[in-house]
Amino acid sequence: MEQLTERVSKLNDKEIRKGADYVLYWMQMYKRADHNHALNFAIEKANELGLPLLVYEGLKYYYPWASDRLHTFILEGVNEKRDAFRDRGISYVFYLQKDSDSPKQTVKALARDAALIVTDDYPCFIIPSHNGAIAEKAEVPVFAVDSNGIIPMSVFEKEEYAAYTIRPKIKRVLDRYFVPFEEAEIRTKDPDINPDCPDTVFSADEIANLVSKCDVDHSVAPSPIYKGGTANARIRLAKFVDEILPHYHETRNKCEKDGSSRLSAYLHFGFISSLEAALATKEADAPEEAKEAFLEELIVRRELSFNFTRFNPKYDSLESLPDWARETMREHVDDKREYIYSLEELEAGETHDELWNAAQREMVLTGEMHNYIRMLWGKNVIAWSETYEQAFAVLEHLNNKYCLDGRDPNSYAGILWCFGKHDRPWFERPVFGKMRYMTSGSTGKKFGSAKYIEWTKSLEEDPGLPETPRQSSLF
Ligand SMILES: Cc1cc2nc3c(=O)[nH]c(=O)nc-3n(C[C@H](O)[C@H](O)[C@H](O)COP(=O)(O)OP(=O)(O)OC[C@H]3O[C@@H](n4cnc5c(N)ncnc54)[C@H](O)[C@@H]3O)c2cc1C
């Protein structure tokens with residue numbers, strides 16, 4: 001792999017195909033038609049070669065945790081991209097691979113008529129192995145472009161220890177990157193390339209039927225609250241900036257309120273860029289401390305997670321923890337656990353702890369779990385599992401299965417934070433050792449936990465978000 005610019009790396013040494021029909025952008029994670037450095041790079045390459053651009057997005061049935069919930073959210077963002085790319089003079093093909101009888105190897109087939117391939121440089125889940133495989137199989141150059149965050153991941157040369165080590169580095173360079181995005185324009189416009197690949201064309205009211213025919217986990221239902229796509233992401237961003245951001249520093253940890261952005265699923269699927277959210281925040285009419293608190297999460301915390309998964313190949317295991325955390329686990333491995341719950345009991349939200357069960361309920365029913373309760377949720381699974389490894393496996397599985405924002409650098413950094421990642425040693429405790437300790441009793445006192453529990457119980461009958469700070473009588 002050769003790093004060509006701060007955002008672009010070349011993944012193989014193949015020659016550009018002469019006489020090709022198009023440049024191919026294989027869109028995997030940045031599912032948007034603007035604010036996308038990979039798309040911009042693909043347009044620039046197409047312009048250099050005097051070719052049109054073909055954007056390809058595929059959805060396979062067999063990626064880990066594929067379900068009705070994740071499929072529906074992705075499909076909800078397809079038709080708006082078709083329209084947006086058509087308007088820009090770019091061809092867009094979406095292929096839903098339903099089961100093992102459906103056509104395979106579509107990217108390889110599309111590559112046969114492509115001058116080169118551009119794709120997304122996402123540092124975790126299935127994307128690094130996709131990129132490795134296509135770089136090997138394709139007979140043309142493959143470029144991976146980083147459009148994950150505001151600052152290119154390559155600006156940081158190694159894994160950062162914690163927020164306090166990356167924060168000053170971010171502050172030093174932020175002004176250079178925290179600027180409006182300049183969209184490239186394709187010169188050879190052709191929105192009607194008819195490539196050698198099936199195109200799944202559907203209307204919004206066909207999504208449920210399409211998903212029912214896919215060989216995915218049908219037990220995880222689509223979210224009744226969060227709907228996919230860039231338009232929906234922008235509606236949520238506007239509501240956040242207008243009604244919630246002015247109170248964010250006071251309400252972000254209030255699980256019983258709609259007091260944070262709830263943008264993480266949109267950011268995860270790339271429906272919206274963190275730059276767009278950050279610029280809207282900068283311009284907003286809100287107190288500086290609210291803006292700072294939000295940008296700390298959106299930039300410092302989020303980019304720390306991307307830095308972690310980019311530089312630590314063991315990001316999906318306890319082996320990526322700092323020495324002190326691994327040592328404390330060795331010392332406490334035999335401590336007696338007061339409660340032990342199986343995966344089935346946890347998944348069903350059947351523990352003695354009502355607050356924990358409520359968090360699990362929120363996740364299962366809505367596809368999200370509030371940030372503050374998520375920390376407690378993770379900590380309690382450590383307390384209630386026979387081993388630390390089992391606790392990690394359960395957390396990874398439940399988070400990635402049910403959460404729309406799962407399978408993300410933030411998922412791994414968040415889960416491992418419960419085990420001490422990006423944190424510091426605290427006082428010695430049974431089972432937790434020096435890992436920070438949280439209990440439902442003390443955590444539940446810091447927000448309206450009774451109201452939160454009540455809200456999660458109403459979700460099945462009456463799905464919806466809690467009240468925003470503006471609607472709430474407390475403000
Ligand atoms: C056990 C556990 C599991 C987690 N799993 C995920 C996950 O699967 N996906 C995910 O995106 N986040 C995860 N997080 C981090 C955090 O809980 C979510 O990002 C947050 O709940 C998203 O809600 P929001 O969009 O309203 O956040 P806001 O408070 O509005 O923050 C804005 C954005 O900043 C980023 N952000 C916020 N908090 C964090 C954080 N602690 N670390 C890194 N980035 C952050 C997110 O992109 C978020 O959308 C996890 C945390 C824990 C403790």
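Just follow the structure's listing: the first ligand is 1, and inside any ligand the first atom is 1. Just so it is clear, the values below take in all heavy atoms, side chains as well, and ignore hydrogens, waters and symmetry mates.
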(request) For atom 46 (C) of ligand 1, state which one of Ile373, Asn410, Leu295 supplies the nearest heavy atom. (result) Asn410
(request) Nearest heavy atom to atom 2 (C) of ligand 1 wins, so pick from Gly414, Pro409, Ser274. (result) Gly414
(message) For the CD atom on Glu354, are there more than 12 heavy atoms of other groups (residues, nucleotides or ligands in this structure) within a distance under 6.0 Å?
(response) no
(message) Set out, in order, the CA-CA distance, both residues' side-chain angles and the distance that settles salt bridge (charged side-chain N to carboxylate O under 4.0 Å, His left out) for Arg326 and Glu319, then state yes or no.
(response) CA-CA 8 Å; Arg326 294 169 69 187; Glu319 286 177 59; 5.1 Å; no
(request) Return a yes/no value for His370: is any of its N or O atoms, backbone included, closer than 3.5 angstrom to an N or O of ligand 1? (result) no
(request) Answer with yes or no whether Phe240 contacts ligand 1, where contact means a heavy atom under 4.0 Å from a ligand atom. (result) no
(message) List ligand 1 atoms under 4.0 Å from Ser305, heavy atoms only on the residue side.
(response) 43 (C)
(message) With the threshold set at under 4.0 angstrom, would you say Gly378 reaches ligand 1 through any of its heavy atoms?
(response) no
(message) Would you say that more than 12 heavy atoms from the other residues, nucleotides or ligands in this model lie under 6.0 Å from the CZ of Phe181, or not?
(response) yes
(message) Does anything in residues 406-430 form a salt bridge (charged side-chain N to carboxylate O under 4.0 Å, His left out)? List the pairs, not counting sequence neighbours.
(response) Glu159-Lys421, Asp423-Arg436, Glu428-Lys434
(request) Take every heavy atom of Met375, measure it against each atom of ligand 1, and state whether any distance is under 4.0 Å. (result) yes
(message) Tell me whether ligand 1 is touched by Tyr248 - counting only heavy atoms on the residue side and a distance under 4.0 Å.
(response) yes
(message) Tell me the nearest of Leu245, Leu263, Leu298 to atom 33 (C) of ligand 1, using heavy-atom distances.
(response) Leu298
(request) Please state whether Ala413 comes within less than 4.0 angstrom of ligand 1, counting heavy atoms only. (result) no
(message) Can you tell me if Arg374 contacts ligand 1 (heavy atom of the residue under 4.0 Å from the ligand)?
(response) yes
(request) Would you indicate which of His268, Arg301, Glu303 comes nearest to atom 40 (C) of ligand 1 when only heavy atoms are counted? (result) Arg301
(request) Kindly confirm or rule out an N or O of Ser261 lying under 3.5 angstrom from an N or O of ligand 1. (result) yes
(message) Considering Leu267, Thr251, Asp405, Leu416 one by one, which has a heavy atom nearer to atom 7 (C) of ligand 1 than any of the others?
(response) Asp405
(message) Please report whether ligand 1 has a polar contact with Ser264, defined as an N or O pair separated by less than 3.5 Å (distance criterion only).
(response) yes
(request) Establish, from distance only, whether the side-chain atoms of Ser342 and Glu345 form a donor-acceptor pair under 3.5 Å. (result) yes
(request) Before giving the answer on ring pair (Phe, Tyr, Trp, His ring centres under 6.0 Å), spell out for His352 and Tyr339 the whole-Å C-alpha distance, their side-chain angles and the decisive distance to 0.1 Å. (result) CA-CA 9 Å; His352 65 284; Tyr339 300 92; 3.6 Å; yes
(request) For ligand 1, find out whether one of its N or O atoms is nearer than 3.5 Å to an N or O atom of Arg262. (result) yes
